[in-house]
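See structure below.
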Amino acid sequence: MKGTARRRSSGVKGAPYAHPSPTTTLKRARSAPYFFLVPATVLFALFFALPIGYALWLSFRKVKVSGLGIGSGARREVWAGLENYTDALSDSELLHGALRVLGYGCIVVPVMLGLALLFALMLDSEKVRLAPVTRLAIFLPYAIPGVVAALLWGFLYLPDVSPFSYVLDKLGMPQPDLLDGGPLYLALSNIAVWGGTGFNMIVIYTSLRAIPAEVYEAAKLDGATPTQIALRIKIPMVAPSLVLTCFFSIIATLQMFNEPTTLKPLTNSVSTTWSPLMKVYRDAFGEGDIYGAAAQAVIIAFATLLLSFGFLRAVNRRQKQEAAR
């Protein structure tokens, strides 16, 4: 009986399981990455590509006023062509703002990257103590929002409330006004250097920690001093990180907006067009000229891309020349 039941059960065929064909499996494997890219693509299109496209559209438009500009149809949007761009390029305020930002960047970028490299080399030294605490202390200013940092330093610059001015007054020393004239560049540069050095230091320090220890040991066996190791081994090997931080610093400099805007209520030396982005903000939301402001924003974006990629191209060309030697 058991043998008969076993034979009967073995003779019963269950429902067949449909295995996907190799072609279907290959198609699913190829299409899977695109499903993961959909959320990022949608966010990129909504919050990046779409605003850029809308700004480009506005930059080629203007408002035409008919008659006294009263009544329906008296103000209508028409095609302007390159009129907004020619007006922006011939605007002296935009040019002067660009020159001010250029002078500001000539101070900020070298000082900030120099300090970041110096701090990274010091933290990577074998004789350093309390490295985690020191690293956190240097990086901490970067975690403070730019507006808060500008307000903090702004009140430290004001002679009436600054503790530094109080100490200088008690010592009988002159009290410089850092919010007026030429010292304003140093005051704004100090805010940027104080806030951005920590981030750049972390990037360079991470690259230093990735260098194999065998390289240092071989250099020590050859009699290299710590200074020679830093100059001839560490700095050349972290050159890609220096290029990256310089690239980010150039972009951040050209997009300068928070610091002068925050300090503007504290001094008359900062105008509403001190930087190019401040002029874009004033024209768009202060004077209601969104079409001219859009053209200015496109010009600033194009200049940023041109300078950034020009810098990368120059660096790559130099690296190829050195490799050819």
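Small disclaimer: the values here were computed from a predicted structure and weren't measured.
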Which donor-acceptor pairs under 3.5 Å do side chains of residues 138-159 form with protein atoms, sequence neighbours excluded?
unit_1 : atom_1 : unit_2 : atom_2 : d
Tyr157 : OH     : Ala187 : O      : 2.9
Tyr157 : OH     : Asn190 : ND2    : 2.9

Let me check something: any side-chain donor-acceptor pairs from residues 95-116 under 3.5 Å, sequence neighbours excluded? List them with distances.
unit_1 : atom_1 : unit_2 : atom_2 : d
His96  : ND1    : Ser92  : O      : 3.4
Arg100 : NE     : Trp274 : O      : 2.9
Arg100 : NH2    : Thr273 : O      : 2.9

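Rounding to the nearest 0.5 angstrom, the gap separating the CG atom in Leu178 from the OG atom in Ser165 is 8.0 Å. Taken to the nearest 0.5 Å, the CD1 atom of Ile300 stands 8.0 Å off from the OG atom of Ser275. In this structure, CG in Leu307 is found 10.0 Å from CZ in Phe302, a value given to the nearest 0.5 Å. Distance check, rounded to the nearest 0.5 Å: CD of Gln175 to CG of Asp160 gives 9.0 Å. Distance check, rounded to the nearest 0.5 Å: CG of Leu306 to CG of Leu254 gives 10.5 Å. In this structure, OH in Tyr166 is found 4.0 Å from NZ in Lys170, a value given to the nearest 0.5 Å.
Without hydrogens or angle criteria, Asn200 side chain to Gly196 main chain gives a donor-acceptor distance under 3.5 Å. Side-chain atoms of Thr267 do not come within 3.5 Å of backbone N or O of Lys264 as any donor-acceptor pair. Using modelled atom types, no side-chain atom of Thr304 and backbone atom of Ile251 make a donor-acceptor pair closer than 3.5 Å. Without hydrogens or angle criteria, Thr225 side chain to Gln228 main chain gives a donor-acceptor distance under 3.5 Å. At distances below 3.5 Å, not a single donor-acceptor pair connects side-chain atoms of Ser308 with backbone N or O atoms of Leu305.
Cluster annotation: Ile52 is connected to Phe44 through the hydrophobic network of ILVMFWY side chains, with a link wherever side-chain heavy atoms come within less than 4.5 Å. With hydrophobic clusters built from ILVMFWY side chains whose heavy atoms lie under 4.5 angstrom apart, Leu186 shares a cluster with Leu184. Cluster membership for Leu50 and Val298, using ILVMFWY side-chain heavy atoms within less than 4.5 angstrom, is not shared. Residue Leu179 is not grouped with residue Leu168 when hydrophobic side chains (ILVMFWY) are merged at heavy-atom distances under 4.5 angstrom, including chains of intermediate members. Taking hydrophobic clusters as Ile, Leu, Val, Met, Phe, Trp and Tyr residues chained together by side-chain heavy-atom distances below 4.5 Å, Phe247 does not share a cluster with Leu117.
Within the 4.5 Å cutoff, the side chain of Leu121 has heavy atoms near those of the Ile235 side chain. Counting heavy atoms from C-beta on, the side chains of Val280 and Met278 never come closer than 4.5 Å. Residues Leu123 and Met201 meet the side-chain proximity criterion, which asks for heavy atoms closer than 4.5 Å. The closest side-chain heavy-atom distance from Asn258 to Thr261 is not below 4.5 Å. Contact of the Tyr34 side chain with the Val38 side chain is not registered, since no non-hydrogen atoms from C-beta on lie closer than 4.5 Å. The side-chain heavy atoms of Phe311 and Val243, taken from C-beta on, include a pair separated by under 4.5 Å. Residues Arg76 and Val63 have side chains not in contact (no heavy-atom distance under 4.5 Å, counting atoms from C-beta outward). Using a 4.5 Å heavy-atom threshold, the side chains of Lys279 and Pro276 count as separate.
If you run side-chain contact (heavy atoms from CB on, under 4.5 Å) between Ser207 and each of Leu242, Asp124, Val238, Ile202, only Val238 comes through.
Under 3.5 Å, the side chains of Tyr85 and Gln296 contain no donor-acceptor pair of N or O atoms. There is no side-chain donor-acceptor pair under 3.5 Å between Asn84 and Ser59.
Aromatic ring pairs are classed by plane angle as parallel below 30°, tilted from 30° to 60° and perpendicular above 60°; the pair Trp79 and Phe60 is parallel.
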Leu263/Leu266 under side chain to side chain contact (heavy atoms under 4.5 Å, CB included): CA gap, chis, key distance, verdict: CA-CA 5 Å; Leu263 294 182; Leu266 304 179; 4.0 Å; yes
Go through Arg282 and Glu93 one step at a time and tell me if the side chain to side chain contact (heavy atoms under 4.5 Å, CB included) criterion holds. CA-CA 12 Å; Arg282 188 207 64 177; Glu93 290 185 339; 3.3 Å; yes
Verdict with supporting geometry, Arg61 and Glu83, salt bridge (Lys or Arg N to Asp or Glu O under 4.0 Å): CA-CA 9 Å; Arg61 311 286 290 181; Glu83 181 179 345; over 6 Å; no
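More than 12 heavy-atom neighbours from other residues, nucleotides or ligands sit within 6.0 angstrom of CG on Asp222.
Heavy atoms only, all atoms of each residue included: Asp87 and Ser90 are closest at O-OG, 3.2 Å. Of all heavy-atom pairs between Ala284 and Ala293, the closest is CB-CB, 3.6 Å. Between Leu58 and Ala294, the shortest heavy-atom distance links the atoms CB-CB, 3.9 Å. Contact record, Ile204 with Ala120: CG2-CB, 3.8 Å, taken as the closest heavy-atom pair. Taking both residues in full, the closest heavy atoms of Ala230 and Pro236 are given as O-CD, 4.5 Å, listed atom of the first, atom of the second, then distance.
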